[in-house]
Amino acid sequence: MKHARTASLFVLSAIVASASLLAASGCGTVNTTSTRTAPADSAIDAKTRVNDLFQEIFLSAKEVRMNRTKGGPMEVQVDVENNGFSYRTFAYRFDWVDASGNVLQSQTSVWKSTNVPSGGSTVIRSVAPTDAAADFRLQIRRADT
Amino acid sequence: MRTTTIAASLSLAVLALAACERARYVETGSPEGIISVNDVDFQDILKASSGMLESLGETGVLKTAKHKPAQLIIGDVVNDTSSRFDVGELTYRMREQLVNSGQAAVVTTFGNTPEDKQAQEVLRREKFLKGETAEPLPDPDFSLTGKITQVKRTAGDTKQATYTFRLTLTNLRTGMEAWTKTVDMTKLGNRNAVGF
């Protein structure tokens with residue numbers, strides 16, 4: 001009798017735990033619909049050096065685009081997707097470099113924070129400080145939470 | 001008994017060490033910095049300044065000026081928030097980049113309350129010695145003005161504050177607004193915290 005009661009208590013706990021998990025994973029999760037199936041014309045190849053494996057798994061840069069703005073300097077847009085089950089907060093910083101690869105000192109190269117809901121994506125962007133900027137470097141660091 | 005006492009003391013010492021954080025240098029504007037719910041933090045000013053400069057660059061408005069580089073006067077930027085900070089932290093960062101990169105020249109000798117009164121006097125004296133009577137002062141293309149506002153809300157213990165930085169560039173030849181930009185920052189929480 002005591003054994004049967006323990007077993008039913010265990011099953012009940014398992015059901016409650018599963019329901020909580022399902023509710024938690026669904027809370028704030030974003031479903032995204034897009035008509036675009038191919039990379040944008042301005043999409044470019046980029047390489048990433050991974051130091052934080054969890055960041056690579058849950059936060060990923062899906063597409064990198066570079067364009068020249070109306071005013072002259074280059075603009076970069078990076079689509080960042082959150083494939084994890086929770087809200088992700090991260091900070092990012094763009095540094096611009098000239099054609100020789102030298103970093104251009106700029107007041108626009110500052111750390112900015114943003115967050116992405118589970119399953120969602122965000123576009124982080126930066127405009128080069130001068131027309132001389134030819135390329136960029138992006139650093140991303142995630143919050144622990 | 002003695003062993004237990006030593007172990008307990010050691011544990012307490014370790015806990016105390018873990019609890020106190022020693023002062024250290026962090027990169028200015030780093031996400032590691034303190035985040036205040038009810039105040040504008042330095043990171044916020046840097047982000048706002050960066051957003052404004054990016055917008056100025058991408059629109060190319062300064063390139064439309066008569067002068068090359070564009071001549072700019074820095075007008076009033078009003079801090080209409082409950083947070084105390086010098087708005088010069090915002091405008092000087094913008095000036096630094098615009099002037100040092102050759103995109104703009106800031107006129108500091110214009111008007112009745114010039115930024116550099118002494119330089120204005122020198123200009124006037126030079127003009128006087130040459131026998132010229134017209135005002136010798138520069139002929140600026142744009143004037144930069146702005147405002148920083150806040151919207152605060154609470155729900156129970158949770159506070160939310162949105163700080164909006166807005167700047168406007170007026171074309172002094174037409175009197176019309178040539179560029180405007182707002183940068184918003186929203187912070188939510190029930191107490192200040194150290195970043196990540």
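Only this structure's heavy atoms are used, side chains among them; waters, hydrogens and symmetry mates stay out. Below, chain A is the first sequence line, B the second, and so on; all start at residue 1. Since this is a predicted model, take the numbers as computed values, not measurements.
At least one side-chain heavy atom of Arg141(A) sits under 4.5 Å from a side-chain heavy atom of Glu32(B).
Taking each heavy atom of Gly57(B) and Pro73(A) in turn, the nearest pair found is O-CD, 3.4 Å. The minimum heavy-atom distance between Phe196(B) and Phe90(A), with the atom names listed, is CZ-C, 3.9 Å. Across Thr108(A) and Leu53(B), no two heavy atoms sit closer than the pair CG2-CB, 3.7 Å.
For a residue to count as touching a neighbouring chain, one of its non-hydrogen atoms must lie under 4.5 Å from one of that chain's; by this rule Lys63(B) touches chain A with the side chain only. With a threshold of 4.5 angstrom between heavy atoms, Glu58(B) approaches chain A through its backbone and through its side chain. Proximity to chain B is absent for every atom of Arg68(A), based on heavy atoms less than 4.5 angstrom apart.
By the neighbour-count criterion of 12 heavy atoms within 6.0 Å, atom CG of Asp157(B) is sparsely surrounded, having that number or fewer from other residues, nucleotides or ligands. Asp76(B) CG: 12 or fewer foreign heavy atoms inside a 6.0 Å radius. No more than 12 heavy atoms of other residues, nucleotides or ligands sit less than 6.0 Å from atom CD of Gln105(A).
Between atom CZ of residue Arg93(B) and atom OG of residue Ser106(A) there is a gap of 12.5 Å, rounded to the nearest 0.5 Å. Note that the OG atom of Ser109(A) and the CG atom of Leu46(B) stand 11.5 Å from one another [nearest 0.5 Å].
Comparing Gln43(B), Met52(B), Glu27(B), Glu54(B) by how many heavy-atom pairs each has under 4.5 Å with chain A, the most go to Glu54(B). Put simply, of Ser55(B), Gly60(B), Ser50(B), the one with the most heavy-atom pairs under 4.5 Å next to chain A is Ser50(B).
Interface residues of residues 123-133 of chain A toward chain B, defined by a heavy-atom distance below 4.5 Å and sorted by number: Arg125(A), Ser126(A), Val127(A), Pro129(A), Thr130(A), Asp131(A).
Gln97(B) contributes a side-chain N or O that, together with a main-chain N or O of Gln107(A), makes up a donor-acceptor pair within less than 3.5 Å.
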